[in-house]
Peer 1: 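Take a look at this one; I'll ask things after.
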Amino acid sequence: MFPELKVNIPNICANAAYLKKECREAGVEITVVTKVVCGNPILVHALKKAGIESFGDSRLKNLQRLQQNDIDTPLYLVRIPMPSELAQVPDTVDVLLISEIGSVETLLQVTGKKETKLIFMVDMGDLREGVWFEQIDHSLSKVQKLAKNRLVGVGTNLGCFGGILPEEENLSLLKHIAHRYSLSIISGGNTAALKLIEDGTLPKGINHFRLGESVFLGNDVTRNRKIPALSQDTFVLEAEIVELQEKPSVPRGSRGQDAFGRVPEFINRGWRKKAILAIGEQDVMPSGLLPLDEAIEVLHASSDHTILDITESKSDYRVGDIVQFHLSYGALLRSMTSEYVFKKIVV
Ligand SMILES: *Cc1c(COP(=O)(O)O)cnc(C)c1O
């Protein structure tokens with residue numbers, strides 16, 4: 001049944017095992033962040049078997065499902081918590097990333113199966129979560145007084161909102177903050193921080209990374225690169241051609257906006273061979289579709305239709321044929337989330 005997402009477990013596990021080894025040699029332990037695969041328990045069991053010792057997710061619901069599926073490794077909640085979910089956190093979460101003193105106070109009042117430890121988030125410049133680094137001492141001294149030994153570290157997230165790169169400079173500053181408060185865990189980043197290990201510029205003392213994209217896609221979108229030594233052949237999305245006709249390259253008539261309020265650009269290249277795939281915004285982020293047949297161009301999509309220009313392809317496509325794609329991070333996230341995409345796990 002289509003659209004179908006093929007998940008290559010051996011290649012994903014090989015990525016994880018490689019990253020664990022490379023990071024450990026640099027003094028960094030890794031937590032695999034599973035939000036892009038919606039915390040899929042089959043994948044997590046396979047990763048655990050491949051040697052991964054802790055998992056993180058942005059959604060409490062995903063962590064709860066992992067717990068119900070007997071994943072007994074430490075579980076990290078990597079999105080700062082909603083106040084409304086704090087009461088449930090200690091039943092599932094071993095380590096919580098947090099940035100609001102009020103949330104720390106609430107958490108300390110609730111009890112559960114676990115004594116959730118805290119990593120306090122510092123904004124080193126990317127403008128997502130965390131107390132701004134120049135004002136961190138005020139907050140951190142308070143949190144340490146409140147949480148005592150349950151405060152185990154500091155963390156930062158870079159490269160996600162502002163696209164700010166993790167570098168020797170900003171990570172050194174984070175390390176100094178941790179040392180001022182004698183905190184043992186310094187969670188220095190995500191996939192974008194791997195380059196510092198490759199280059200040998202990671203400040204000594206940064207000892208924890210939270211990795212998602214590198215494990216599941218072998219890419220680093222912040223630095224716009226494939227990571228050497230990792231496999232990018234981890235997910236293949238297959239969709240079916242439902243129409244194949246020659247049409248002009250520019251629409252005809254007075255133009256408004258498309259179904260999503262966008263005004264796409266069209267270049268006049270004459271009549272072209274176009275294929276419509278039965279897949280759309282509801283299944284995938286079409287701009288993140290990377291055709292395995294590199295002569296195919298993805299033009300545009302609406303909720304349920306994606307239009308391809310196949311004029312340059314050497315293959316003789318027919319209606320009913322399947323077209324295969326690798327996926328960007330955003331496209332994978334949406335495909336895993338969509339109940340209309342059938343998941344086929346290849347072991
Ligand atoms: C998603 C996320 C990660 C993983 O990031 P990747 O770039 O996929 O490696 C790490 N930390 C936090 C806080 C996240 O939200």
Side-chain angles (χ1 to χ4, degrees), residues 12 15-16 18-20 22-23 28-40 43-44 47 52 54-63 74-82 89 93-100 103 117-131 153-166 170-171 174 185-198 202 206-227 230 232 234-235 285 288 327-337:
I12 293 168
N15 283 353
Y18 179 86
L19 287 167
K20 177 184 161 183
E22 288 296 298
C23 289
V28 174
E29 296 300 318
I30 68 170
T31 291
V32 169
V33 177
T34 58
K35 65 186 182 229
V36 75
V37 293
C38 303
N40 183 289
L43 260 167
V44 170
L47 284 164
I52 296 304
S54 73
F55 296 94
D57 204 286
S58 49
R59 310 277 167 159
L60 184 58
K61 195 174 166 184
N62 289 346
L63 295 180
L75 299 177
Y76 286 60
L77 184 60
V78 302
R79 181 171 68 186
I80 47 173
M82 292 185 257
V89 162
V93 178
D94 295 278
V95 183
L96 176 66
L97 308 193
I98 202 161
S99 64
E100 287 286 341
S103 295
K117 299 281 191 280
L118 303 177
I119 291 184
F120 201 74
M121 294 302 278
V122 188
D123 186 342
M124 298 305 307
D126 195 51
L127 296 182
R128 210 178 73 177
E129 74 272 46
V131 170
V154 287
T156 195
N157 196 68
L158 292 159
C160 280
F161 179 74
I164 295 302
L165 299 174
N170 45 27
L171 290 185
L174 181 70
I185 299 178
I186 311 177
S187 191
N190 51 16
T191 291
L194 287 169
K195 187 78 169 43
L196 279 71
I197 292 187
E198 288 166 44
L202 184 76
I206 302 290
N207 56 20
H208 183 244
F209 281 178
R210 312 168 306 267
L211 301 178
E213 187 188 19
S214 44
V215 172
F216 293 107
L217 288 167
N219 292 332
D220 170 1
V221 67
T222 308
R223 296 179 196 266
N224 191 21
R225 66 184 190 123
K226 293 179 177 170
I227 298 171
L230 296 185
Q232 286 79 38
T234 49
F235 293 85
M285 191 178 82
L327 301 170
S328 72
Y329 187 87
L332 174 61
L333 179 71
R334 200 177 295 169
S335 282
M336 283 301 301
T337 306

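For ligands, and for the atoms within them, numbers begin at 1 and follow the listed sequence.
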Peer 1: May I have all residue pairs that pass salt bridge (Lys or Arg N to Asp or Glu O under 4.0 Å) and include part of residues 206-222, sequence neighbours excluded?
Peer 2: Asp220-Arg223, Asp220-Arg225

Peer 1: Could you tell me whether the side chain of Tyr76 reaches within less than 4.5 Å of the side chain of Val93, counting heavy atoms only?
Peer 2: no

Peer 1: Are Cys23 and Ile197 close enough that some pair of their side-chain heavy atoms sits under 4.5 Å apart?
Peer 2: yes

Peer 1: Mind checking what makes side chain to side chain contact (heavy atoms under 4.5 Å, CB included) contact with Ile52, not counting sequence neighbours?
Peer 2: Ala16, Lys20, Ile30, Val32, Leu47, Phe55

Peer 1: Can you sort out the partners of Phe235 under ring pair (Phe, Tyr, Trp, His ring centres under 6.0 Å), two or more places apart, ordered by chain and number?
Peer 2: none

Peer 1: What are the atom names and distances for all N or O pairs under 3.5 Å between ligand 1 and the protein?
Peer 2:
unit_1   : atom_1 : unit_2 : atom_2 : d
ligand 1 : 8 (O)  : Glu213 : N      : 2.8
ligand 1 : 9 (O)  : Thr191 : N      : 3.0
ligand 1 : 9 (O)  : Thr191 : OG1    : 2.6
ligand 1 : 9 (O)  : Gly212 : N      : 2.8
ligand 1 : 11 (N) : Asn157 : OD1    : 3.4
ligand 1 : 11 (N) : Arg210 : NE     : 2.8
ligand 1 : 11 (N) : Arg210 : NH2    : 3.4
ligand 1 : 15 (O) : Lys35  : NZ     : 2.7
ligand 1 : 15 (O) : Arg128 : NH2    : 3.0

Peer 1: When rounded to the nearest 0.5 angstrom, what distance separates OG1 in Thr234 from CG in Asn219?
Peer 2: 8.0 Å

